[in-house]
Amino acid sequence: DVKVTQSSRYLVKRTGEKVFLECVQDMDHENMFWYRQDPGLGLRLIYFSYDVKMKEKGDIPEGYSVSREKKERFSLILESASTNQTSMYLCASSLRGTPYNEQFFGPGTRLTVL
Amino acid sequence: QKEVEQDPGPLSVPEGAIVSLNCTYSNSAFQYFMWYRQYSRKGPELLMYTYSSGNKEDGRFTAQVDKSSKYISLFIRDSQPSDSATYLCASLYGNQFYFGTGTSLTVIP
C-alpha cells in the first residue's frame, strides 16, 4: 500500500527555535514536495525536489530550507520559527517521467509556534 | 491572480442532493486537472483526474473540464454524509501542481 508518513501529527514550538519536519515515502518516487495549508489560502508550495540532493524553490520558500540526502526522505527545516509559520504542513510525493503522475500526500503536521 | 481559483464555500446540502463544485484556471496551457478530497485532519487524496476537455465519470462523481472557458467542475450525485469533506481542484503543468483553496462541503443526513 502506498504510503507517505510524516514524523509528527502535532508540534508546538517557541519563536526562534529550529524546527525539523520529516517526510518519508516508500514508493520509490523521484519527486517530493512540501506544502503549507492555511484557511482561505489553500495549499502553497514551499519547496520541491526532483532527485536526491536536488531542490527547487516553490512559491513561498522564505524562512524555510530543505534537505534530501536519501531518495525516500525529504526534510523541511524552519531555521528560526516565527508565529506566522503556524500552519498545517503537508508532504507529498509523485513519480517522474510520464506526463501525469498522481501526487500522494502524507497526513500532515499541524505546527503551532508560540 | 492565482493560477487556480475556487469558491471556498462552505457548502451545506441535504443527503441525496446533487452537488456542483467549480474552479477556474488562468493558464491555457494546463491540460491535466484533478480533484482531491480531504477529510478533516487528513492529507488530500486523489478523487479523479481528467486530461484536456470533456467529462469523466466514476460512480457518483463526474469531473468536467471546459477548456474554452477555463472552467473545471465536479458533480456529486446522490450525495452522502460520508462525502462531507473539503474538495480541492488542481492543475498540473510540467512537474508542478497548482491547487485551488478548497471548498468545504457538508452533507446533512
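Sequence lines set the chain letters: A, B, ... in the order given, protein chains first and strands last, and positions in each chain run from 1. Values below: all heavy atoms of this structure, side chains included; hydrogens, waters and symmetry mates excluded.
Of the residues considered (R41(B), E45(B), K42(B)), R41(B) shows the highest number of contacts with chain A, using heavy-atom pairs under 4.5 Å.
Salt-bridge annotation for R36(A) and D38(A): present, with a side-chain N of the basic residue lying under 4.0 Å from a carboxylate O of the acidic one. Ion pairing between a basic and an acidic side chain is recognised when a charged N comes within 4.0 Å of a carboxylate O; D51(A) and K71(A) show no such pairing.
Contact of Q6(A) with chain B is not made at all, since no heavy-atom distance falls under 4.5 Å. Interface remark: R110(A) contributes no atoms to any contact with chain B (heavy atom separation under 4.5 Å). For L45(A), the part lying near chain B is the side chain, with the backbone staying farther off; criterion is any non-hydrogen pair under 4.5 Å. With a 4.5 angstrom heavy-atom cutoff, Q38(B) touches chain A only via side-chain atoms. Contacts between Y89(A) and chain B at a heavy-atom distance below 4.5 Å are absent for every atom of the residue. Using a 4.5 Å cut-off between heavy atoms, P8(B) makes no contact with chain A at all.
Between R77(B) and T62(B) the shortest side-chain heavy-atom distance falls below 4.5 Å.
Annotation for Y93(B): atom OH does not count as buried by contact number, only 12 or fewer foreign heavy atoms lying within 6.0 Å.
When ring centroids are compared, F74(A) and Y47(A) stay outside the 6.0 Å threshold. For F48(A) and Y50(A), the gap between ring centers is short of 6.0 Å.
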